[in-house]
S.K.: 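Have a look at this one before I ask anything.
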Amino acid sequence: MTIYTLAEGSYSVDASKKFVPFDPQIDNFRDRPASLFIHVNPFLVKTADDLILFDTGLGYKDTRDELYLYQHIRSTGFEPEDVTLVLMSHLHYDHSGGLVVERNGKLEPSFPNAVHVIQKGEWEFGMTGKSSSYHKEIFEALQGNVDLKFVDGSGELKPGINYELSGGHCPFHQVFWINDNGQKCFYGGDVLPEPEQLIRKFVAKYDYDGRKALELREEYGKKAAAENYTCLFYHAKTKTVANVTYNGEHFGIIPV
């Protein structure tokens, strides 16, 4: 198993739910009051059988009108067309924007050859258009144009790939456990988005069920430590891929 971080950079987001690029070298956080500052890191994982993309970032482009996500995939030696599985923790825009690419004024699937794995309830809620955290037009562009595999609850996608309906961050959030011939990784999406959330225990106001998310972080951290799962942290500033230790009281983070 080989893990690649496809870092998309840092952003601020306020009540408008718009993600604005933030460069700490030239931007001042005081100029963006009441904003949350986040880092966005999709992951590409090569296993014996698949090339897996965990979430897709914001879908922003460079000055050449090309997705940053495409560039980052190519920098690993693969092509976007090589991706066989797109595993979505949930469909909030900062995780799903890269599912599509705009060409000539039309949204098209970014990964037409891949199976897209999404919780059925998450898809159905996203399609209602009731929340600005979801961009319905993305999902409409996928429908009928890619292989959408809707899962319901928890289970085995295929040998070595398990999905778990976690809730916590949003009602139909899911996490993934990968075991590739003994090499293991865990993707916790926005239930375990940063390694610091194992060190500092708190209820996050941006979670749908903050208490449950807190409890799940503890549960997943202990399992990762006990069973040697490498953790992928989508919103980490620096330690995006790390192993976890637990001594019965405290967690430790070992960057990989």
S.K.: So which pairs with a foot in residues 48-60 pass side chain to side chain donor-acceptor pair (under 3.5 Å), sequence neighbours left out?
M.R.: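 Sorted pair list: D50-T84, D50-K158, D55-S89, D55-H95, D55-Y187.
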S.K.: With a 4.5 Å cut-off on side-chain heavy atoms, are V151 and Q174 touching?
M.R.: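 Answer yes - side chains close enough.
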S.K.: Hydrophobic cluster membership, with links at side-chain heavy-atom distances under 4.5 Å among I/L/V/M/F/W/Y: are Y11 and L91 in one?
M.R.: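 Same cluster: Y11 reaches L91 through Ile, Leu, Val, Met, Phe, Trp or Tyr contacts under 4.5 Å.
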S.K.: Could you tell me whether the side chain of I73 reaches within less than 4.5 Å of the side chain of E79, counting heavy atoms only?
M.R.: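 E79 vs I73: side chains apart.
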S.K.: Taking the side chain as everything from C-beta on, heavy atoms only, tell me whether Y220 gets closer than 4.5 Å to L198.
M.R.: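 When only atoms from C-beta onward are counted, L198 and Y220 do not touch, as no gap falls below 4.5 Å.
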S.K.: Please list, chain by chain and in numerical order, all residues satisfying side chain to side chain donor-acceptor pair (under 3.5 Å) with K201, sequence neighbours excluded.
M.R.: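 Only E218 meet the side chain to side chain donor-acceptor pair (under 3.5 Å) criterion with K201.
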S.K.: If I compare all heavy atoms of L67 with all of S110, which pair ends up nearest, and what's the gap?
M.R.: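 Residues L67 and S110, closest heavy atoms: CD1-OG, 3.7 Å.
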S.K.: Count the heavy atoms of every other residue, nucleotide or ligand shown that sit under 6.0 Å from OH of Y208, and state whether that count exceeds 12.
M.R.: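 Count not over threshold, so no.
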S.K.: Quick one: pull up NZ in K136 and CD in Q143 and give me the separation to the nearest 0.5 Å.
M.R.: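 If we round to the nearest 0.5 Å, K136:NZ and Q143:CD are 9.5 Å apart.
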S.K.: Side chain of K212, backbone of G167: donor and acceptor closer than 3.5 Å?
M.R.: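 Not confirmed, K212 side chain does not pair with G167 backbone.
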S.K.: Please give me the minimum heavy-atom distance between E164 and S154, naming the atom from each residue.
M.R.: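 So the two residues come closest at CA-OG, 3.4 Å.
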S.K.: Has Q119 got a side-chain atom pairing as donor or acceptor with H173's backbone, closer than 3.5 angstrom?
M.R.: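 Not at all, since once roles are kept as given, no pair shorter than 3.5 Å links the two residues.
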S.K.: Which atom names give the shortest non-hydrogen contact between P80 and Y70, and what distance separates them?
M.R.: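 Closest approach of P80 to Y70: CG-CD1, 3.4 Å.
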S.K.: Output yes when E102 and K106 qualify as a salt bridge under the 4.0 Å nitrogen-oxygen rule, no when they do not.
M.R.: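 A salt bridge is absent here (no side-chain N lies under 4.0 Å from a carboxylate O).
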S.K.: Enter the distance from H135:NE2 to L107:CG here, rounded to the nearest 0.5 Å.
M.R.: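 The distance works out to 11.0 Å.
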S.K.: Should I253 and V191 be regarded as members of a common hydrophobic cluster, given that ILVMFWY residues are connected when their side-chain heavy atoms come within less than 4.5 Å of each other, either directly or indirectly?
M.R.: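 Yes.
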S.K.: Just verifying a value: how many Å separate N162 CG and N179 CG, rounded to the nearest 0.5 Å?
M.R.: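 It comes to 9.0 Å.
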S.K.: Which value, rounded to the nearest 0.5 Å, describes the distance between T47 atom OG1 and N181 atom CG?
M.R.: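 If we round to the nearest 0.5 Å, T47:OG1 and N181:CG are 8.5 Å apart.
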S.K.: For G168, does its backbone N or O pair with a side-chain atom of D209 as donor and acceptor, under 3.5 Å?
M.R.: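 Pair absent, no side-chain N/O of D209 close to backbone of G168.
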S.K.: Verify side-chain contact (heavy atoms from CB on, under 4.5 Å) between V100 and L142, making sure each step is shown before the conclusion.
M.R.: CA-CA 8 Å; V100 295; L142 295 179; 4.1 Å; yes
S.K.: Using a 4.5 Å cut-off on heavy atoms from C-beta on, say whether the side chain of S131 contacts that of F125.
M.R.: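 Yes, side chains in contact.
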S.K.: Are L232 and L192 linked, directly or through other ILVMFWY residues, by side chains that come within less than 4.5 angstrom of each other?
M.R.: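 Different hydrophobic clusters.
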S.K.: Heavy-atom count around K237 NZ within 6.0 Å, excluding the residue itself: above 12?
M.R.: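 Incorrect, the count does not exceed 12.
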S.K.: I'd like to know if R74 and D82 make a salt bridge, using a cut-off of under 4.0 Å between side-chain N and carboxylate O.
M.R.: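 Looking at R74 and D82, the cut-off is not met.
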S.K.: Does the ring of F202 carry R217 above it, NZ/CZ under 6.0 angstrom from centre and within 45° of its axis?
M.R.: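 Flagged: R217 positioned over aromatic ring of F202.
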S.K.: Look at the aromatic rings of F150 and W123 and report parallel, tilted or perpendicular, splitting at 30° and 60°.
M.R.: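 It falls in the tilted class, 30° to 60°.
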S.K.: Kindly indicate whether the side chain of T230, heavy atoms from C-beta on, has any atom under 4.5 Å from the side chain of V241.
M.R.: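 In contact.
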S.K.: Report yes or no: does N247 contribute a side-chain atom to a donor-acceptor pair with the main-chain N or O of H250 at less than 3.5 Å?
M.R.: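 Yes, the answer is positive, given that a donor and an acceptor are paired below the 3.5 Å cut-off.
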S.K.: For F54 and I178, work out which heavy atoms get closest and say how close.
M.R.: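 Scanning both residues, the minimum pair turns out to be CZ-CG1, 3.8 Å.
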S.K.: Is a side-chain donor or acceptor of D94 paired with a backbone partner of F19 at a separation under 3.5 angstrom?
M.R.: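 Not at all, since once roles are kept as given, no pair shorter than 3.5 Å links the two residues.
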S.K.: Is it the case that the side chain of Y68 and the backbone of L6 share a donor-acceptor pair, with hydrogens and angles ignored and the cut-off at 3.5 Å?
M.R.: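 Here the side-chain-to-backbone pair does not exist.
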S.K.: Could you see if V86 belongs to whatever hydrophobic cluster contains F186? Use Ile, Leu, Val, Met, Phe, Trp, Tyr and a side-chain cutoff under 4.5 Å.
M.R.: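 No, no single cluster joins them.
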S.K.: Okay, side chain of E81, backbone of N113: is any donor-acceptor separation there less than 3.5 Å?
M.R.: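 Here the side-chain-to-backbone pair does not exist.
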S.K.: Compute the centroid of each ring, for F176 and then for Y163, and state whether the two points are separated by less than 6.0 Å.
M.R.: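 No, the ring of F176 stays outside the 6.0 Å limit from the ring of Y163, centre to centre.
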S.K.: Working to the nearest 0.5 angstrom, can you tell me the gap between N243 CG and I254 CD1?
M.R.: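 Those atoms lie 6.0 Å apart.
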S.K.: Measure the spacing between CZ of F172 and CG of D152 and express it to the nearest 0.5 Å.
M.R.: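 Reported to 0.5 Å precision, the distance equals 8.0 Å.
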S.K.: Please test D62 against Q71 for side chain to side chain donor-acceptor pair (under 3.5 Å), starting from the C-alpha separation and ending with a verdict.
M.R.: CA-CA 9 Å; D62 66 5; Q71 292 180 35; 2.3 Å; yes
S.K.: Does atom NZ of K120 have more than 12 heavy-atom neighbours from other groups under 6.0 Å away?
M.R.: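 No.
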S.K.: Assert yes or no for the condition that the ring centre distance of H92 to Y134 is strictly below 6.0 Å.
M.R.: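 Yes, close enough.
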S.K.: Between F233 and E194, which heavy-atom pair has the shortest distance, and what is it?
M.R.: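 Nearest pair, atom of F233 first, then E194: CD2-C, 3.5 Å.
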S.K.: Let me check something: do I161 and L148 share a hydrophobic cluster, defined by ILVMFWY side-chain heavy atoms less than 4.5 Å apart, either directly or through other members?
M.R.: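 Cluster IDs for I161 and L148 match.
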S.K.: Tell me, do L44 and I52 make a side-chain contact under 4.5 Å, heavy atoms counted?
M.R.: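 Side chain of L44 against side chain of I52, heavy atoms only: no contact under 4.5 Å found.
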S.K.: Step by step, would you call I199 with F251 a side-chain contact (heavy atoms from CB on, under 4.5 Å)?
M.R.: CA-CA 6 Å; I199 308 300; F251 287 102; 4.2 Å; yes
S.K.: Grab the two heavy atoms, one from D190 and one from D207, that are nearest each other, plus how far apart they are.
M.R.: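 That would be O-OD1, 4.1 Å.
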S.K.: Any non-hydrogen side-chain atom of L85 less than 4.5 Å from a side-chain atom of L51?
M.R.: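 Side-chain contact under 4.5 Å: no.
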S.K.: Test side-chain contact (heavy atoms from CB on, under 4.5 Å) on L157 and K149; report intermediate values, then the result.
M.R.: CA-CA 10 Å; L157 180 67; K149 182 173 180 60; 3.5 Å; yes
S.K.: Quick one, V117 with V115, criterion side-chain contact (heavy atoms from CB on, under 4.5 Å). Give me CA distance, side-chain angles, the key distance, then yes/no.
M.R.: CA-CA 6 Å; V117 180; V115 177; 4.2 Å; yes
S.K.: Is K61 paired with E66 through a side-chain N to carboxylate O contact shorter than 4.0 Å?
M.R.: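 Answer for the salt bridge query: no.
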S.K.: Look at the side chain of H72 and the backbone N and O of A7, then say whether any donor-acceptor pair between them is shorter than 3.5 Å.
M.R.: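 Checked: pair present.
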S.K.: Below 30° counts as parallel, above 60° as perpendicular, anything between as tilted: where do the rings of W177 and Y229 land?
M.R.: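 Because their plane-to-plane angle is over 60°, the rings of W177 and Y229 count as perpendicular.
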S.K.: Measuring centre to centre across the rings, with the benzene-like ring taken for any Trp, is H235 within less than 6.0 Å of H39?
M.R.: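 No, they do not, as the ring centres are separated by 6.0 Å or more.
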S.K.: Is there a side-chain contact between V40 and P42, using heavy atoms and a 4.5 Å cut-off?
M.R.: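 V40 vs P42: side chains touch.
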